[in-house]
Every structure is written in C-alpha cells, then in structure tokens.
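Here is the naming used below: chain letters follow the sequence lines, and residue numbers restart at 1 for every chain.
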Amino acid sequence: MELITTLINGLSLGGIYAMIALGYTMVYGIAKMLNFAHGDIIMVGGYTILVFLNLTGSPILATCFAIAFCVMLGVLVEKLAYKPLRGSSPLAVLITAIGVSYLLQSLAQILFGSASKMVNVGYLDSLSFGGITVQGYTVFTLACSIVVMICLTLFIKCTRLGKAMLAVSEDRGAAQLMGVNVNRIITITFVIGSALAALAGLCTLMKAPTISSTFGSMPGIKAFTAAVIGGIGSIPGAMLGGILLGVVESICNRVSSIAPYTDAIEFGILIVILLIRPTGFLGKKRREKV
Amino acid sequence: MAFLQVDHLKVNYGLIQAIKDVSFSVEQGEIVSLIGANGAGKTTIMHALCNLIPKQSGQICFDGQDITSLAAHKLVPMGIAQVPEGRRIFQELTVVENLQLGGYTRRDKKEIAETLDSVYQRFPILKQRAKQVAGTLSGGEQQMLAMSRALMSHPKLLLLDEPSMGLSPLYVSTIFDMIHQVNQEGTTILLVEQNAKKALAISNRAYVLEVGRIVKTGTGKDLLADDSIRQAYLGG
C-alpha cells in the first residue's frame, strides 16, 4: 500500500517536472536555445497567483491571471532578449538567459522582499480508495499534467501549426521554404512553455504553500535534468524524463536512509544516462548541416 | 521586365566574395539553368534568392514586385517554391505530412486535396508510402517527395537546387522528365545543376557560373554545342 501511495505521489511530482520540462524541450527543439529563465517563469506565476488571490479571493481566477501574465512575460522576454540574438553564438544566448533569470529573481525580491510568503491556494480533500489515501493536490496535479500532455500531443500531431513546429524543429531553413513563419512558431512555443510553467507554479504551491524569489530554481533545474534524460528536443522524452525523475525522487524520499541524498541520486542518474546514451532516452542524433 | 530579374547580386561569406555582381533573368514559361562546377556559387544564389542568407547588394524582382528583402516564408504565397540542395525533406515526419507542409500557406482544403491527388497520380509510390516516415524512403523517392512537396504550394516559379545530386541514373531520368513535365504544365523553372548535359538539354537558356561570376550565357542548345563548355563541363 505504502509503495502504491509513493508511486502515485511520484507520478504526480513527475507530472509537475514534465510540465516544466516540456517548456525547456520545446524551446530547445524549436528556437535551439536553452532558456535558463524558464524556471523563474514558474516563480513569476507563483507570485502572480499570490497577488491575484489577495485581490480576487478566487484561486481559479488567480491561476487564469497567472497563466495570462506568464504568457505575456515569456513572449516579451523572447522578443526583447532572445530574438535580437538569433543567429549569434549559442553561448551569448545562454548567458542572456541566465541574465534574464537573475533579473526576474531580483525584481521579485524588490517587489515582494526576500522573505518567503505564504500562498494559500486552497485545500482539496484527500481521496481514499481500497485502503490507499492520496492527497487532493496529488490527484489534481496528476490529472492536470495528464490533460496537458494529451492536449499537447494532439496539438503537435494533429494540427497544421503543430506540424509546422516539428518542421521548424527539424530544419528551420526548409520550414521557411514551405512558407512557415519561424518567428511566429517560436512565439507560440514560448506561449505554450510559459503557460505550462504557470500551471506548474500552481501545482507546486498546492503542495508547499510558500514562495520566495528562488521558488522556481530547483524545480527548473530538476525539470531541465528530466528534459535532458528524456532527450532534449523530444516532447515525449520530456514527459518520460519528468515522470521518471518524479518517481525516483518520491521513492528516495520515502526511504529514510537515502532521503538526504535524493538530489544527488537524481543528478547522478543524469550523469549515468549521459554517459551511456548522450542523446537521452528519446533524443535523436542530429546530423550536422553545413 | 522579366518574370524573375536578378540585378547585380553580391553575396559575401565573411571576407570572401562568393557571388560577384551576378545578373540574370528568367522569362515566364522558361526553363533556365545555372551550371557550373562545385563552389561556383550556384547554391549561394539560390539561398540568396529566398533570403536564407544575407545579400551584400543587388536587386531581385519577381512578377513585377521587388522581393529583394522579403522574408523567405513570404515568397511561398507569392508563387515561389524552392527544392533545396540535398532535398531537406522532414525526415521524422510522414510522407503525407511533408506534402501537407508543402501546402502550408494555402487555406482552401479542397484545392489542397486536388493538388495532393495530382501529386499521387504523378508518383503513385508516394501514395503507397503516405503514412511512412519520410526518412525511410530511398534517395530517389526522397527527391520525388521534395519536388512534390514544393509543387503542393502551386508555384508559378520553381527553384530547383541540384535535383539530380546523388541519384541513380534511372532516378535522374525520372527527375528530369518531371521537370520537363511540370514546365509544360505552365510552371517557370530555374534549375541549378552539376549534371550540365542533362540540364542544358531541357533548358531554354542557361548561364555558366565560374567562381561567383557569369562567364557565358546562351540557349541550352548552343551551350551544348559550345566547345569550351563541352571540355569544361560535359566531359569532352
């Protein structure tokens, strides 16, 4: 019973990681950059929920506002910080992304102070079935991430825009020759990634209702790890990597003798997988084009 | 003014001038070839036409409109499609998805379906393999797919960059037959080829390119008979 509960908790945590990892992996696949400010979008989402929760009193409204705000922020960051660097060295873009990350964290400290704040997004009753008790937020997060993953998969597989995204990800120049507006596709990618980050922020707050300016850092790094384990650039890879990491973390935390080493074990898995399979589970070897 | 008019095109790669003041034109309904050795600048011209690389200077007009600095994706709805060198089909997508992307800028579903039918009629093998991932096709089949994908946008001008490269002689013939056929159906064609003999044979006119300059021009027939061209490009 204990094992099943742990597994469900792990899947739920993995769902959060997967939602964040999707943002990393899609931006990497399509814009060919590592957006290290992605984790901080989660933090901005969390603070937006805090602000609008105080204003409206409704967690649902606050979440909607947070999603909208994060989408706007994500698009704005892309337009102002990343777009002017398109075509320049990947290192310049990477450093810019790290800069954006610090900028967002510092802004949060200026606006909300450096102390953690409580965010009470409400409580969902825990569920019991067949002797297993699962927390309400666990079920909510799991459901949320499953819906997100199904919708995203359908969007990519079945719509004209989704296929254009795959095309841009595989060969940007050829996609342009098909008439695909690459800038627009990149914007859409940031819209999706930022919306998922806001949602991940909500789920994280339901689990642990405190927020500070580094709220998104650890989930961001874990999700990035998940994206790399799954194969960065691959959408199913991000889902797989996220869920795997969530389950591992949940199991490690359950076993008291190894619980203190949970993070080390997770990043250790990353190292081992990169040694055995440098492209991650579902990543493809890309041929270099001249 | 010609259907496609390129004036004083210059392209630099770093400090190297890859294209040094090239001018040429294509009239509506023609097949025009750019021939030349490896490194003459043929593909560079193709990329510059579609703004995939920056130009140093020059002017490009198509169908009476200045397209010099128009973004690559805006050329497709105007009627320009390019089959890039090395085919560059989307390997991880299926054959039919590749074809659908070719018609990305068209909105009329009925017309797209009609074009898809005509593509399938031309190459039944593509219909058989419609659901197959495009990377699993043979080189020749991939070239057919790349050409068909370009035709999905219903172009007025088709730019073909080395369509016969790396293909077996049988497929080379198939591809050249297709080029001829597409042209007969009313599409203007600008063809870049290393296979000068085949290219000149189906071209109305051709330009000979040497290290970034046009050194000779004439009708396909005349150039085929030209002694210096024979020696340099047609194997004596």
Checklist line | Sidechain-backbone polar pair: B:Glu92 side chain, A:Glu170 backbone, donor-acceptor under 3.5 Å | finding: no
Note to self: Counting neighbours of OH on B:Tyr13 that are heavy atoms of other residues, nucleotides or ligands and sit closer than 6.0 Å, is the number greater than 12?
What the structure shows: yes
Check: Is the number of heavy atoms from other residues, nucleotides or ligands within 6.0 Å of CZ (B:Phe3) greater than 12?
Finding: yes
Item checked: Contact leader toward chain A among B:Val83, B:Thr105, B:Leu75, B:Leu101, where contacts are heavy-atom pairs under 4.5 Å -> B:Leu101
Note to self: Restricting to non-hydrogen atoms, name the atom on B:Glu97 and the atom on A:Lys157 that form the minimum distance, rounded to 0.1 Å.
What the structure shows: OE2-O, 4.2 Å
Notebook entry, point to check: Does CD1 belonging to B:Ile16 count more than 12 external heavy atoms closer than 6.0 Å?
Noted result: no
Checklist line | Minimum side-chain heavy-atom gap A:Asp171-B:Arg88 below 4.5 Å | finding: yes
Checklist line | Neighbour count >12 (heavy atoms, 6.0 Å) for atom NZ, B:Lys74 | finding: no
Check: Is there side-chain contact between B:Arg107 and A:Arg160, with at least one heavy-atom pair below 4.5 Å?
Finding: yes
Check: Which atom names give the shortest non-hydrogen contact between B:Tyr104 and A:Ile185, and what distance separates them?
Finding: OH-CD1, 4.3 Å
Check: Given a strict heavy-atom distance threshold of 4.5 Å, which part of B:Gln82 is in contact with chain A: side chain, backbone, both, or neither?
Finding: both
Notebook entry, point to check: Counting only heavy atoms not in B:Lys127, do more than 12 sit closer than 6.0 Å to its NZ atom?
Noted result: no
Checklist line | Point-to-point distance, once rounded to the nearest 0.5 Å, from NE2 of B:His73 to CD of A:Gln176 | finding: 8.0 Å
Check: Taking the side chain as C-beta and beyond, is there a heavy-atom pair between A:Leu177 and B:Val76 under 4.5 Å?
Finding: no
Note to self: Contact between B:Phe90 and A:Val168 at the side-chain level, heavy atoms closer than 4.5 Å - yes or no?
What the structure shows: no
